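Chain A is the first sequence line, chain B the second, and so forth, proteins listed ahead of strands; every chain is numbered from 1. What you see is a predicted model; the values in this text were computed from it and never measured.
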Amino acid sequence: MQSQNYDKTKDGVRVRFAPSPTGYLHIGGARTAIYNWLFAKKHKGVFILRIENTDLERSIADSIQGIIDGLNWLGINWDEGPYFQTQYIEEHKRAARRLVESGHAYKCFCTKEELDVKRKAALAAKQSVQYDRTCRRLTSEAIAAKEAQGLPYVIRFKVPEQQGSVCVNDAVYGLIEKQYQDIEDFVILRSDGSPLYLLSNAVDDIRDGITHVIRGQDGLANTPRQILIYEALGARCPVFAHMPLTLDLKKRKISKRTHGELVSVQFYRDHGFLPWGLVNYLVLLGWHTSDDREIFSREELIDAFSLEGIGRANSIFNYTPGDPKFFTDPKALSINSHFLRTLPIEEIAGPVKEDFVTEGIWDPAYDGDKRQWFLSTMDLIRSRFHTFKDFAGLGRAYFSEEFPVDPKALKKRVLKHPDLKNWLPQLADRMEQLESWTLETTEEVVRDFIQGLGVKPGIVINAVRTVVTGQLAGPGIFDVLTAIGKDRVVKRLCGVRELFR
RNA sequence: GUCCCCGUCGUCUAGUCAGGUCAAGGACACCGGCCUUUCACGCCGGCAGCACCGGUUCAAAUCCGGUCGGGGACGCCA
């Protein structure tokens, strides 16, 4: 058998993301996809999406939609696919047969029951639990006889019985050696004729011309066996690069089962993350440059990315359940808010609009006459926000006449000084008479009013902020007043009496 | 039970391959200060770590050995 190289594109980089169809995109999976995607972009290669469903029963369309949606939202675009593993089952079977013919695999007639007994015995004797290779020693007559009886069989891979080992030169973990004697004759085809993952995966990667397999470290232990398959099939091995896993604070693998929605990409979309904020956070879980950069634009990240930067130690998704301040890893939030307050304002207008539409506070004029106002107001308030949900939440008073008043702010900034009940409407009267409504004129009228009262400026100013925005804190008050506008300010200030009830 | 991998601040990590310039640097979080009408932003400062033990060496986070701790793989799962 001659060696066939991956020459799909004259040895250009070809990588793939091969999730199983679970119905949603897991952040760990997203991270794997991101690394592959970055590697492909960096080397101007091809990124393939391949759905690894060997389970024919399931409704594929439904269960892959979540994955596709997640990748699309993140902006991780693929060049080929999605391919489906089920489409290639015949090819996998042919490969298994070919391996039997070439003497690299054999039929095994042992039943599950027999194997179970042996396994238990081995366990009891504290021996390693490997298949004892009974059927490997069957004569061709014995095999023919069993086949004639119609006995079901699986196909097992013949692991070399000599001394020695399989070597993997992992791009991340370095040289990994696995003794032949520590590998059992693993099954590659079930007794019902269907192929197993180890085989299918290798065959698919060979067919797709995959040059670099970038995947989770949980695949590391499979690699020696897959290399045996590659070699037996006469194929050139891809470069393997295993990435460390992401665990929770208790060092458990993160999963939807134990961590819920929090580990799905969808959750971050629903909670106001910018897609790139999530990408930037995820890429830092197990990868780093040797300078101190942590914030990247798309182009910067593609340029900076390399397999050498991938670490070997598992990282932890730093999330504390029930944390009142951080609903997910604080670092994720901080990266997201960094982008939220530094990106050109136009770039966050999109997601904010989408949210406003669902919240029912979108004004079509924000795309027209009020565009400038919309953008500058977002710009004014964004430095305090963590997600774009905050615009319709904490920032609601700027965009809607209906907004809640924070009870803490009300108590501390308004109710504490009963005189405000009269002062604020008086101030509103003065404002009413202003010809122009600018930073300067509003400041002048407010300061003048305060001077007349002879009280500390903060008392009035903070009360105005709370009454006008519903919040304890916010931008400089005169910025707030100009942003919200004379009519609404006056109306809200006069409404202070309501708040005293 | 067998095999493989990993171990630097609470978290993400730089530094480990080519030992000294590391009495260990950055980021997030936390604390304090400045700014200020508030809160953020920004700026300045602080807290906090080489898992442990032994060896090699003039010198070890870095090399070697062991211990402990963590993770992964050992399926007719993917």
Side-chain angles (χ1 to χ4, degrees), chain A residues 18-22 52-55 85 108 110-112 115 119 122-130 152-156 168 170 173-174 176-179 181-184 186-192 194-198 200-201 216-225 242 244-245 247 249 251-253 281 284-295 311-320 325-326 329-335 337-338 341-342 381-385 409 412-413 446-447 450 456-466 471-478:
Chain A
S20 33
T22 47
E52 303 226 315
N53 57 319
T54 47
D55 188 350
Q85 197 158 67
C108 170
C110 296
T111 64
K112 280 185 187 173
L115 294 173
R119 195 169 290 140
L123 224 45
K126 301 208 169 186
Q127 306 266 298
S128 71
V129 284
Q130 278 194 19
Y153 60 85
V154 300
I155 292 180
R156 285 184 184 271
V168 190
D170 191 273
Y173 286 92
I176 308 286
E177 260 189 275
K178 182 87 172 176
Q179 302 275 322
Q181 60 196 20
D182 290 327
I183 309 174
E184 76 170 345
F186 51 96
V187 176
I188 54 176
L189 205 73
R190 294 187 184 87
S191 50
D192 68 0
S194 61
L196 272 95
Y197 164 79
L198 229 41
S200 301
N201 189 258
Q217 192 242 42
D218 43 355
L220 190 57
N222 286 329
T223 311
R225 286 180 293 171
H242 287 89
L245 303 177
L247 311 173
L249 280 167
K251 304 266 177 84
R252 296 176 304 189
K253 264 175 98 165
Y281 162 71
L284 253 17
L285 251 27
W287 173 86
H288 212 267
T289 55
S290 40
D291 51 44
D292 289 321
R293 282 184 302 159
E294 295 200 318
I295 299 287
R312 284 164 286 276
N314 290 340
S315 55
I316 287 169
F317 177 58
N318 188 20
Y319 154 70
T320 312
K325 197 167 172 191
F326 304 106
D329 189 332
K331 185 111 182 181
L333 256 358
S334 96
I335 290 173
S337 49
H338 174 87
R341 65 175 179 264
T342 57
I381 58 183
R382 64 171 165 166
S383 74
R384 262 153 288 258
F385 295 168
K412 189 174 169 188
R413 297 271 147 92
V446 171
R447 296 243 184 246
I450 290 170
K456 279 198 284 191
I459 293 176
V460 174
I461 287 173
N462 289 326
V464 170
R465 176 178 294 105
T466 295
Q471 296 293 311
L472 188 66
I477 191 64
F478 308 111

Next on the checklist: For a quick check, with a 4.0 angstrom heavy-atom cut-off, what is the B/S/- contact string for nucleotides 33-42 of chain B, read 5' to 3'?
Outcome noted: ----BBBBSS

Can you give me the N/O atom pairs linking the protein to nucleotides 15-26 of chain B at distances under 3.5 Å, or say none if there are none?
unit_1: B:G26; atom_1: N2; unit_2: A:Glu294; atom_2: OE2; d: 2.8

Checklist outcome for this item: The nucleotide from B:U11, B:U13, B:A78 with an atom nearest the side chain of A:Ser315 is B:U13

Item to check | Watson-Crick or G-U wobble mate for B:C22, both contacts under 3.5 Å | outcome: none

Checklist entry - If you check the A:Arg190 side chain, which of B:C77, B:C6, B:C12 turns out closest? => result B:C77

Next on the checklist: Heavy atoms only, 4.0 Å cut-off, all strands: where does A:Gln471 land among base, sugar-phosphate and nothing?
Outcome noted: nothing

Checklist entry - Which nucleotide, in any strand shown, forms a Watson-Crick or G-U wobble pair with B:U11, with both distances under 3.5 Å? => result B:A27

Checklist entry - Under the salt bridge (Lys or Arg N to Asp or Glu O under 4.0 Å) test, which residues partner A:Arg293, sequence neighbours left out? => result A:Asp291

Next on the checklist: Under 3.5 Å, is there any donor-acceptor pair linking the side chain of A:Ser191 to the base of B:C76?
Outcome noted: yes

Checklist entry - So what does A:Lys325 touch, heavy atoms closer than 4.0 Å: a base, only the sugar-phosphate, or nothing? => result sugar-phosphate

Checklist outcome for this item: Out of B:A78, B:C76, B:C28, minimum distance to the side chain of A:Tyr197 belongs to B:A78

Name the pairs: protein N/O against N/O of nucleotides 48-53 of chain B, kept only if under 3.5 Å.
none

Next on the checklist: Please enumerate all residues that pass side-chain hydrogen bond (donor to acceptor under 3.5 Å, both in side chains) together with A:Arg119, with sequence neighbours excluded.
Outcome noted: none

Checklist entry - Which nucleotides of nucleotides 69-74 of chain B have their base under 4.0 Å from a protein heavy atom (B), which only their sugar-phosphate (S), and which neither (-), written as one string 5' to 3'? => result -SSSSS

